[in-house]
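First comes the structure, then the notes that go with it.
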Amino acid sequence: MSGFKSDFLRTLSERGFIHQISDESGLDTLFQKEIVTGYIGFDPTASSLHVGGLIQIMMLHWMQQTGHRPVALMGGGTGMVGDPSFKDEARQLMTPETIENNIAGIKRCFSQYLTFGDGPKDAIMVNNADWLRDLNYLEFLRDVGRHFSVNRMLSFDSVKQRLDREQSLSFLEFNYMILQAYDFVELHQRFDVKLQMGGSDQWGNIVNGIDLGHRMLDAQFYALTSPLLTTASGAKMGKSMSGAVWLNADLVSPYDFWQYWRNTEDADVERFLKLYTTLPLNEIARLSALGGTEINETKKILATEVTALLHGRKAAEEAKQAAEAFFEKGATTESLPTVDLLKADWEKRSAQVIAFATGLFSSKSEMRRKFAEGAIRINGEIIKDPDTKLPYSEIESETGAFRVQFGKKRIVLVRPV
RNA sequence: GGAGGAGUGCCCGAGUGGUUAAAGGGGACGGACUGUAAAUCCGUUGGCUUAGCCUACGUUGGUUCGAAUCCAACCUCCUCCA
């Protein structure tokens with residue numbers, strides 16, 4: 001599999017991005033011969049991408065790095081339908097407003113990974129709403145629909161499970177793969193796109209686009225999919241302490257993002273370095289060879305590199321320093337998140353009022369349980385009774401605040417103002 | 001259009017009139033052990049003004065001292081028949 005001659009495929013192959021390719025040697029030749037334009041579609045199902053989508057962005061990144069032209073396609077049109085691939089049931093339909101908002105949120109992170117512009121190797125961002133929204137139904141059926149065999153579409157794995165389980169697949173959803181196939185053709189005509197990439201769950205959709213390219217344009221398209229990523233212990237990528245690990249900083253701070261990568265399982269470190277950083281492979285090999293406790297240093301490098309790509313080197317270094325200060329020097333003050341609490345009537349403040357102000361708890365009931373479990377410390381002492389009174393005079397002198405610690409990893413300063 | 005089946009907490013899934021805020025599992029969170037890892041073990045897992053109160057088993061009404069459990073209508077999905 002590693003016999004690729006083109007820089008792009010060799011890089012992807014060596015770094016573990018490749019799951020399946022429609023025509024390996026043909027695509028390899030193409031990449032040696034010309035500047036290839038390839039695309040990946042992103043569905044606007046949330047206002048930010050999360051870690052699971054990072055691998056797709058990295059593929060576009062490497063495409064540009066090896067001298068080709070990546071296209072990031074926003075699914076403003078296909079988002080109106082919703083991809084049924086490997087889904088048990090239909091998603092709730094999104095309103096056009098939601099879709100627009102989500103696209104606005106998703107767009108933001110791309111500029112960190114890709115250079116956009118008008119040059120031959122500059123990345124392009126487009127929205128398939130531009131051509132899908134105004135399609136004429138009858139024309140579309142006659143021009144595009146006639147090329148699809150329902151028999152064949154029903155045979156794809158992506159919908160088979162749904163059918164086997166006797167869950168309904170609405171006609172609306174069934175059209176998704178047709179629209180995605182049509183995107184491929186449209187992008188070919190607009191930008192000379194010849195390659196579509198995506199997660200392995202997109203294989204069926206992409207192959208449909210290749211077929212449509214044959215039939216409508218007599219053109220040769222290619223498919224390349226990445227493996228579906230799980231952690232070594234089998235969990236899906238992208239979940240953590242506080243839910244999904246989003247890429248947008250307003251949803252997951254650089255510090256928390258850094259923490260996510262710092263907590264990578266040992267067995268995943270090398271794989272993740274290859275996939276999510278741009279460090280050279282020999283460097284990765286060296287770092288991954290470290291065993292035992294030393295692997296923790298490698299994890300820090302992983303975290304810093306991944307965070308630097310997304311949020312910039314400066315934010316990554318700050319996250320690293322904050323983490324080191326917290327976990328290794330035990331100390332603190334600087335850079336701890338701080339919330340303000342009104343000083344008025346302070347003598348009535350109890351532990352639970354102060355703790356709840358941190359925002360670490362999703363409900364007061366949850367917080368009370370955590371008190372009972374001994375999971376909460378204030379100013380270093382475990383407090384089990386949430387009604388414990390904490391007079392203003394017990395403020396911590398160095399910080400001028402109450403130091404609320406929840407579990408081992410989270411501290412928030414509550415400062416009376 | 002006709003006949004039958006299903007809809008339970010974040011997810012899966014038990015429960016078929018009362019000690020049911022609802023078994024069990026997964027996930028998540030907290031604790032122990034460690035290396036801010038994995039594995040393992042223990043605990044927690046609707047909300048609130050928490051000796052109590054409120055809201056919850058598709059929706060709305062009804063029967064009953066009392067319903068997730070019975071009845072009616074409606075909604076959604078599945079199967080078979082036309």
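Keep in mind the model is a prediction, meaning the values are calculated, not measured. In the text below, chain A, chain B and the rest are named by the order of the sequence lines, each starting its count at 1.
- Nucleotides B/U45 and B/C11, compared at atom C1', are 14 Å apart to the nearest Å.
- Taking the P atom of each, B/A38 and B/G30 are spaced 12 Å apart, rounded to whole Å.
- Applying the Watson-Crick and G-U wobble criteria (two distances, each under 3.5 Å), B/U55 pairs with nothing in any strand.
- Nucleic acid contact for A/A323: base, since at least one base atom lies under 4.0 Å from a heavy atom of the residue.
- Across all strands shown, B/G1 pairs with B/C81; the Watson-Crick or G-U wobble distances both stay below 3.5 Å.
- In a base pair of the Watson-Crick type (N1 to N3 plus N6-O4 or O6-N4) or a G-U wobble (N1-O2 and O6-N3), with each distance short of 3.5 Å, B/A68 is matched with no nucleotide.
- Going from the P atom of B/A21 to that of B/A56 covers 14 Å, rounded to whole Å.
- Spacing between B/U50 and B/C77 at atom P, rounded to whole Å, works out to 44 Å.
- Residue A/A375 is the one, among A/A375 and A/N296, whose nearest nucleotide of RNA chain B lies closer to the 5' end (criterion: closest heavy atom).
- Across all strands shown, B/A22 has no partner, as no Watson-Crick or G-U wobble contact with both distances under 3.5 Å is found.
- Residue-to-nucleotide contacts include no donor-acceptor pair under 3.5 Å from the side chain of A/E366 to the base of B/U45.
- A straight line from CZ of A/R410 to C1' of B/U36 spans 12 Å, rounded to a whole angstrom.
- Among the nucleotides B/G30, B/U36, B/G35, the one closest to any side-chain atom of A/D266 is B/G35.
- When the nucleotides B/A32, B/G47, B/G43 are ranked by their closest atom to the side chain of A/K408, B/A32 comes out on top.
- Checking B/G30, B/U36, B/C48 against every side-chain atom of A/S365, the shortest atom distance belongs to B/C48.
- Here the CG atom belonging to A/L302 is positioned 13.5 Å from the NZ atom belonging to A/K274, to the nearest 0.5 angstrom.
- We find that NZ of A/K370 is positioned 4 Å from C1' of B/C29, with the value rounded to whole Å.
- Distance, A/F257 CZ to B/U36 C1': 17 Å, rounded to whole Å.
- B/A14 and B/G62: their C1' atoms are spaced 28 Å apart (whole Å).
- Considering only the side chain of A/R262, B/U36 comes nearest among B/G30, B/U36, B/U50.
- For A/R369 against B/U45, no side-chain N or O and base N or O form a donor-acceptor pair under 3.5 Å.
- Distance from the side chain of A/K364 is smallest for B/U49 among the nucleotides B/C29, B/A37, B/U49.
- Pairing for B/U76 goes to B/A6, judged as Watson-Crick or G-U wobble with the two contacts each under 3.5 Å.
- Across all strands shown, B/A38 has no partner, as no Watson-Crick or G-U wobble contact with both distances under 3.5 Å is found.
- Across the protein-nucleic acid pair, A/K384 atom NZ and B/U50 atom C1' stand 19 Å apart, rounded to whole Å.
- In terms of position along RNA chain B, the nucleotide closest to A/G407 lies nearer the 5' end than the nucleotide closest to the other residue of the pair A/G407 and A/I295.
- A/Q259 comes within contact range of at least one nucleobase, with a heavy-atom separation under 4.0 Å.
- The separation of B/C10 from B/A3, taken at their C1' atoms, amounts to 37 Å, rounded to a whole angstrom.
- If you measure from atom CD of A/E265 to atom P of B/G35, you get 18 Å, rounded to the nearest angstrom.
- Around atom NZ of A/K300, more than 12 heavy atoms belonging to other residues, nucleotides or ligands sit under 6.0 Å away.
- Atom-to-atom distance recorded for A/K343:NZ and A/I395:CD1 is 7.5 Å, nearest 0.5 angstrom.
- Considering A/K314, A/K320, A/Q321 in turn, A/K314 is the only one that fulfils the side-chain hydrogen bond (donor to acceptor under 3.5 Å, both in side chains) rule with A/E318.
- Pairing for B/U50 is absent, with no Watson-Crick or G-U wobble pair whose two atom distances lie under 3.5 Å.
- In this entry the distance linking CG of A/N263 with P of B/U34 reads 18 Å, nearest Å.
- Between the P atoms of B/C74 and B/A67, the separation comes to 24 Å (whole Å).
- The closest side-chain donor-acceptor pair between A/Q202 and A/Q196, if any, does not fall under 3.5 angstrom.
- Here the two rings, on A/F31 and A/F4, have centers that are 6.0 Å apart or farther.
- A/F361 places its CZ atom 17 Å from the P atom of B/G46, with the value rounded to the nearest Å.
- For A/F371 and B/C48, the CZ to P distance is 14 Å, given to the nearest whole Å.
- B/G27 is paired with B/U45 under the Watson-Crick or G-U wobble criterion, all donor-acceptor distances under 3.5 Å.
- Out of B/C29, B/U50, B/U36, the shortest distance to the side chain of A/K409 is found at B/U36.
- For the side-chain contact (heavy atoms from CB on, under 4.5 Å) test with A/I57, the passing option among A/L247, A/L310, A/I40 is A/L247; the others fail.
- Judged by distance alone, the side chains of A/T115 and A/D122 never bring a donor and an acceptor atom under 3.5 Å apart.
- Rounded to whole Å, the C1' atom of B/G2 lies 30 Å from the corresponding atom of B/U8.
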